[in-house]
2 protein chains.
Amino acid sequence: MTVGQQRRRGRLLEDAIHDAVIDELLQAGYGRLTMEGVAARARTAKASLYRRWSSIEELVIDTVDRRMTQPEEYPDTGSVREDLVVGFGRMLDTLNSPAGRAIAGLLGALPYAPGLQKAARERIVRPRAQAVADTIQRGVDRGEVRPGAVTPFVAASGPALIIYTYLIQGLELSGRDIEDIVDQVVMPAVQVSSFRSG
Amino acid sequence: MTVGQQRRRGRLLEDAIHDAVIDELLQAGYGRLTMEGVAARARTAKASLYRRWSSIEELVIDTVDRRMTQPEEYPDTGSVREDLVVGFGRMLDTLNSPAGRAIAGLLGALPYAPGLQKAARERIVRPRAQAVADTIQRGVDRGEVRPGAVTPFVAASGPALIIYTYLIQGLELSGRDIEDIVDQVVMPAVQVSSFRSG
DNA sequence: GATTTAAGAGACGGAACCGTTTCTTAAGGA
DNA sequence: TCCTTAAGAAACGGTTCCGTCTCTTAAATC
């Protein structure tokens, strides 16, 4: 901080650093993330980063823990379709936030971030897949959708389409798109007996 | 080339350079791809690269053109399920090749590669989406699946699940997984009238 | 064989970044 | 108020990479 500026300490500084990580991830992507860049963006010294984290990787893992773990909540309305539309709508809201965009970018970089894979998959990917699976399972338990509807691919189909559309196709999604994904892909999948077990 | 080594010229050299791009993409990802690295891997001088391509980005776009554009072929057996299983199986074969792995990594980096987005989406993503849509459309034409089955999300559901499973979840797929994707997600989607248009 | 072209090696000046250190001094607590 | 702690600025030696240039000489062509 230059003369007259306030120094931040402890939690306050860490929050600012996590914010900076997210902003730098958004701009540079994981492959080009640097301590230099994060420090500059957080307006702090590199030494302050190195006092806490020994590497950029460690810093990102901490940011994942602190800022990227909380999955979207799925309601329990008694209707699987309604619950999924609302939950995926919230996933879209997350995707449209800075942290959500950073998450998407980070997920795309996972093949090249071995040190990050475990943390990201456990903290970002799995809880979100579990929330979808739980929602569908409630429908199974209510007799609303077919027994056995919860499979890894069925549970992943919604999130896969959302991330694929945003990350790979480069398209922005609308609330209507969310409904289309649910109505065209996910609901048929949970209701129709699959070919070989049907 | 050191004394005694053979110099390559023209096409031969370009092929070696494209190979090197793919290998470097596999190892470093797009974010950390360097002219220095490609040149070293191709065992050529940077000047030879710069004689042809003014930037790493231009080199990658050329590699996409030359090595990554050919989509998988889908058969026309008279059964949508069969065609999709074979076609997605070929997509999986591609994914298990060096170029295919490089493609996946490149797709994950697209948010951070503005200069590459257009080329990658037009040459890698769209032809493959079109091949799936064409396959499903043939089923529509044969009266095998429902009219209106070809929607962007239905057509994307297979590729989205394949790339999501590999790239985001970090899991290797098997031929059995391909069949599960088709049977659990894609076939129900093409056969069941969607909620709001049903 | 002679000539032309471009491939490959190596060097260059400069930029960016790493991880570390020193120094000053703003916070926080006693 | 005094003392302690750590934040921030700046510098450091070293590495990697960039884009370019020079020189030698391997290919290709006539």
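Quick note on labels: first sequence line is chain A, next is B, and so on, each numbered from 1.
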Can you name the side chain to side chain contact (heavy atoms under 4.5 Å, CB included) partners of B:Gln130, sequence neighbours left out?
B:Ala133, B:Asp134
Could you list the residues that satisfy side chain to side chain donor-acceptor pair (under 3.5 Å) with B:Gln70, not counting sequence neighbours?
none
Kindly say if A:Gln6 contacts the phosphate of C:dA26, meaning a side-chain N or O under 4.0 Å from OP1 or OP2.
no
Taking side chain to side chain contact (heavy atoms under 4.5 Å, CB included) as the definition, give me every residue that meets it alongside B:Ser54, ordered by chain and number, with sequence neighbours left out.
B:Glu58
Among all residues two or more places apart in sequence or in another chain, which pass the salt bridge (Lys or Arg N to Asp or Glu O under 4.0 Å) test with B:Arg121?
none
Review item, nucleotides 16-20 of chain C N/O atoms under 3.5 Å of protein N/O:
residue, atom, partner, partner atom, Å
C:dC18, OP1, A:Met35, N, 3.0
C:dC18, OP2, A:Met35, N, 3.4
C:dC18, OP2, A:Glu36, N, 2.9
C:dG19, OP2, A:Tyr50, OH, 2.2
C:dG19, N7, A:Lys46, NZ, 3.2
C:dG19, O6, A:Lys46, NZ, 3.2

Show every donor-acceptor pair shorter than 3.5 Å between a side-chain atom in residues 27-40 of chain B and any protein atom, with sequence neighbours excluded, or say none if there are none.
residue, atom, partner, partner atom, Å
B:Gln27, OE1, B:Arg41, NH2, 2.4
B:Thr34, OG1, B:Gly37, N, 2.8
B:Glu36, OE1, B:Lys46, NZ, 3.1

I'd like to check the side chain to side chain contact (heavy atoms under 4.5 Å, CB included) partners of A:Asp76; sequence neighbours left out, ordered by chain and number.
A:Asp83, A:Arg138, A:Arg142
Using modelled atom types only, decide if a donor and an acceptor are shared between the side chain of B:Arg146 and the backbone of B:Ala189 within a distance under 3.5 Å.
yes
Can you find a side chain N or O atom of A:Arg7 that sits less than 4.0 Å from OP1 or OP2 on D:dA6?
no
With B:Arg101, which residues qualify under side chain to side chain donor-acceptor pair (under 3.5 Å), at least two apart?
B:Asn96, B:Glu172
Distance-only check: which donor-acceptor pairs under 3.5 Å involve side-chain atoms of residues 156-165 of chain A, not counting sequence neighbours?
residue, atom, partner, partner atom, Å
A:Ser157, OG, A:Val154, O, 2.8
A:Thr165, OG1, A:Leu161, O, 2.6

Report the residues that fulfil side chain to side chain contact (heavy atoms under 4.5 Å, CB included) with A:Ser97, sequence neighbours left out, ordered by chain and then residue number.
A:Thr94, A:Ala99
Give each protein N/O atom lying under 3.5 Å from an N/O atom of nucleotides 2-4 of chain D, with the pair distance.
none

Between CG of B:Leu49 and P of C:dA6 the distance, given in whole Å, is 16 Å
Can you list, in residue-number order, the parts of residues 10-26 of chain B that come under 4.0 Å of DNA chain C, counting heavy atoms only?
B:Gly10, B:Leu13
